[in-house]
Novice: 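Pasting in a structure now, in structure tokens, and then I'll have a few things to ask.
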Amino acid sequence: MNLLFVVSELAPYSKTGGLADVAAALPKALAATGVTVRVVTPRYGFMTAAGEYVGELRAPFGFQVQTARVFREARHGVETFFIDAPAYFHRGRKLYGEPDDPARFAFFSRSAIELARWFGEPPDVIHGNDWMTGLIPVYLRSALRGDPFFARVATVTSIHNLAFQGFFDLRDLPYFGLPGDLQRGPDGLEFGGAGSMLKGGILASDALTTVSERYAQEIQTPEYGFRMDALLRMRRHDLVGILNGVDYDEWNPATDAHLAARYTPADLSGKRLCKADLLKRFGMPVELDRPAIVIVSRLSDQKGLDLVRDVAWRILHAGAYFILLGAGDPRYEVFFQHLRDTAPRRVGVYFGLNEALAHQIEAGGDMFLMPSAYEPCGLNQIYSLKYGTVPIVRATGGLDDTIQDFDRVTGTGNGLKFRAYNANRLMEKIYEGLLLYRQPETWRALQRNGMQADFSWARAAWKYRAVYERVRAA
Ligand code: ADP
Ligand code: GLC
């Protein structure tokens with residue numbers, strides 16, 4: 001099995017969220033199952049150290065043949081190719097959010113296809129991720145239809161977040177090198193007046209995956225379907241949910257180099273040192289028996305931060321520390337900064353991306369809040385389990401699949417979970433957490449339930465492999 005994995009962000013080089021973690025870990029796990037994996041990703045302007053120059057490729061785009069430089073790196077049995085096209089990818093620290101995003105990622109998709117040709121042998125499967133690669137199967141089915149090199153190449157698209165649909169101006173189709181009549185009709189890319197690259201991926205891929213079983217069901221309903229639920233119901237027989245894993249080489253408190261101390265389920269004493277270290281970092285008094293409620297998150301409505309805003313004062317009145325690492329919506333930054341300024345001995349905030357601090361918060365916290373409005377998979381709650389930081393989550397998507405509500409009587413469950421999207425329901429679970437925290441033995445049992453669970457990538461890798469085998473045979 002020969003796979004081309006195409007993705008717009010890749011940890012540790014470029015990251016806006018969990019997609020970058022998946023891009024780093026899944027190919028590695030696939031290689032371990034015997035798949036030959038090549039990863040393709042943009043070489044953004046700030047990635048000056050990524051790979052070694054290996055040559056140039058040409059891709060027809062914008063009514064001309066454009067060239068891009070190719071850089072290569074080999075690690076953990078995976079070859080990674082970085083596409084260097086300064087006109088599209090050199091935009092400061094930003095990955096997305098530019099007015100010409102459609103052209104940037106259409107070009108990325110088109111050049112990833114040409115990279116396959118550049119290797120000289122066609123892959124069995126091209127696996128793309130989210131709207132940024134949605135046009136790949138569209139190119140193969142239209143502009144490249146009849147090209148013998150690609151005649152037997154199958155395609156898979158993974159949906160990591162249905163909210164981002166890759167809108168573009170349909171008049172640009174010819175500029176992207178696609179037939180202008182690809183607008184309407186059963187294969188049309190038209191969606192609510194504009195074009196949607198994600199719609200292209202959903203319609204034209206041989207198989208679709210998403211990142212939890214629960215989310216695979218949810219996106220077929222109007223409530224979670226972002227208006228694409230009917231399309232997804234149409235393709236439900238080709239859609240599977242495969243839960244993301246965790247790369248325990250990166251996220252393991254027993255080996256994590258970012259931490260002040262390391263610890264295991266059998267000996268949690270290092271976790272107290274991590275907590276002390278964390279409180280000091282935020283300039284707060286070190287009171288180790290005071291529970292620390294923490295968050296690491298993009299600051300977006302998806303993450304249920306309006307509920308957190310509603311309960312923030314109650315958390316402080318209940319006597320807990322509150323620590324947040326996040327970047328995004330300025331409305332939330334203003335609120336949490338205000339909270340910090342009002343209660344600096346109880347609240348710590350850091351706005352921006354900080355990988356080391358994300359690890360330190362996972363280790364130093366006692367409870368991790370993730371009350372998302374929707375959550376395709378979510379990685380932080382799974383990292384929290386491993387770090388003995390009890391997740392408090394809303395029962396949606398991957399949160400529902402990974403977290404079981406703790407039952408005091410039987411001692412089963414690995415976290416605390418509520419259902420309705422409501423601040424009072426969230427606060428009830430926080431109060432329950434604070435009560436359990438006061439019962440050290442019960443609390444340790446709850447922590448250990450989470451720490452001992454295994455969410456490594458191997459299981460998911462075999463499931464992806466099965467999807468590849470199926471589309472190849474078809
Ligand atoms: P999403 O992809 O929707 O943001 P996930 O839980 O799947 O949610 O993944 C989020 C990833 O981004 C995790 O690796 C998390 O540690 C990381 N992350 C989020 N915000 C920050 C931040 N401000 N600094 C560092 N890492 C962050
Ligand atoms: C998206 C989702 C998140 C998921 C991640 C990786 O960013 O919001 O739930 O874990 O992709 O698949």
Side-chain angles (χ1 to χ4, degrees), residues 8 17-19 22 96 101-102 105 109 127-138 141 155-168 170 182-244 298 300-304 306-307 370-378 393-402 417-422 460 463-464 467 470-471:
S8 56
L19 177 58
V22 174
Y96 321 116
D101 273 3
F105 292 97
S109 300
H127 179 169
N129 294 277
D130 279 346
W131 67 267
M132 302 77 142
T133 61
L135 290 184
I136 289 178
V138 179
R141 289 211 179 176
T155 52
V156 176
T157 290
S158 291
I159 299 169
H160 297 265
N161 195 334
L162 193 62
F164 301 102
Q165 301 180 334
F167 290 116
F168 66 96
L170 283 161
L182 254 188
Q183 302 193 11
R184 289 172 218 287
D187 295 329
L189 302 190
E190 192 269 338
F191 186 70
S196 160
M197 296 191 183
L198 184 64
K199 183 185 181 194
I202 291 174
L203 286 178
S205 298
D206 296 302
L208 302 172
T209 72
T210 185
V211 289
S212 67
E213 285 179 26
R214 181 88 194 154
Y215 195 60
Q217 296 307 317
E218 286 175 344
I219 56 179
Q220 298 179 48
T221 67
E223 191 185 351
Y224 290 100
F226 285 96
R227 298 186 304 136
M228 290 196 167
D229 48 296
L231 279 175
L232 288 159
R233 283 197 299 278
M234 206 170 81
R235 297 231 51 197
R236 65 183 177 279
H237 299 298
D238 303 306
L239 167 66
V240 299
I242 303 177
L243 190 73
N244 286 333
R298 283 186 294 116
S300 108
D301 290 337
Q302 172 190 345
K303 300 295 178 179
D306 50 338
L307 301 189
M370 213 157 157
S372 305
Y374 71 94
E375 196 61 73
C377 177
V393 308
R394 184 171 164 254
T396 184
L399 296 171
D400 204 10
D401 284 352
T402 52
K417 184 159 80 172
F418 65 101
R419 208 152 280 278
Y421 191 81
N422 177 303
K463 290 186 182 172
Y464 278 103
V467 173
R470 201 166 65 236
V471 291

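What you see below is based on every heavy atom in this structure, not just the backbone, and it leaves out hydrogens, waters and symmetry mates. If you read the sequence from its start, that first residue is 1, and numbering goes on from there.
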Novice: Quick check for you: to the nearest 0.5 Å, what is the distance between Q217 atom CD and R236 atom CZ?
Specialist: 10.5 Å
Novice: Can you name the residues that form a side-chain contact (heavy atoms from CB on, under 4.5 Å) with L243, not counting sequence neighbours?
Specialist: S212, C377, D401, T402, F455
Novice: Are Y224 and Y215 an aromatic pair, judged by ring center distance below 6.0 Å?
Specialist: no
Novice: Nearest 0.5 Å, what's the CG-CD distance between L182 and E190?
Specialist: 12.5 Å
Novice: So which of H160, M197, Q165 actually passes side-chain contact (heavy atoms from CB on, under 4.5 Å) with D130?
Specialist: H160
Novice: Output all residues satisfying side-chain contact (heavy atoms from CB on, under 4.5 Å) with A194, sequence neighbours left out; order by chain, then residue number.
Specialist: F167
Novice: For S205 and T157, work out which heavy atoms get closest and say how close.
Specialist: OG-OG1, 2.7 Å
Novice: What's the shortest heavy-atom distance between K199 and G188, and which atoms?
Specialist: NZ-O, 2.9 Å
Novice: What's the shortest heavy-atom distance between A207 and V471, and which atoms?
Specialist: CB-CG1, 3.5 Å
Novice: Can you pull out every salt bridge (Lys or Arg N to Asp or Glu O under 4.0 Å) where at least one residue sits in residues 205-226? Sequence neighbours excluded, please.
Specialist: R141-D206, R214-E218, R214-D400
Novice: Is the shortest side-chain heavy-atom distance between V467 and I242 below 4.5 Å?
Specialist: yes
Novice: Let me confirm one number: the CD1-CG distance from I202 to L239, rounded to the nearest 0.5 Å.
Specialist: 9.0 Å
Novice: Taking the side chain as every heavy atom from C-beta outward, state whether D301 and D306 have any pair of such atoms under 4.5 Å apart.
Specialist: no
Novice: Could you grab the distance from atom CE of M370 to atom CZ of R394, nearest 0.5 Å is fine?
Specialist: 12.5 Å
Novice: side-chain contact (heavy atoms from CB on, under 4.5 Å) with F164: which residues, sequence neighbours excluded?
Specialist: W131, N161
Novice: With sequence neighbours excluded, tell me which residues meet salt bridge (charged side-chain N to carboxylate O under 4.0 Å, His left out) with K303.
Specialist: E375
Novice: Taking all heavy atoms of A204 and all of T155, pick out the closest pair and write down the distance.
Specialist: O-OG1, 3.9 Å
Novice: For residues T209 and K463, determine if any side-chain heavy atom of one lies less than 4.5 Å from a side-chain heavy atom of the other.
Specialist: no
Novice: Could you state the interatomic distance from CE (M228) to CG (L198), rounded to the nearest 0.5 Å?
Specialist: 5.0 Å
Novice: Where do I219 and L232 come nearest, in terms of heavy atoms and distance?
Specialist: O-CD1, 3.6 Å
Novice: The criterion is ring-ring contact (aromatic ring centres under 6.0 Å, His included); which residues satisfy it with Y421, sequence neighbours excluded?
Specialist: none
Novice: Which heavy-atom pair separates L19 from M132 by the least distance, and what is that distance?
Specialist: CD2-CE, 4.4 Å
Novice: Enter the distance from F191:CZ to F226:CZ here, rounded to the nearest 0.5 Å.
Specialist: 11.0 Å
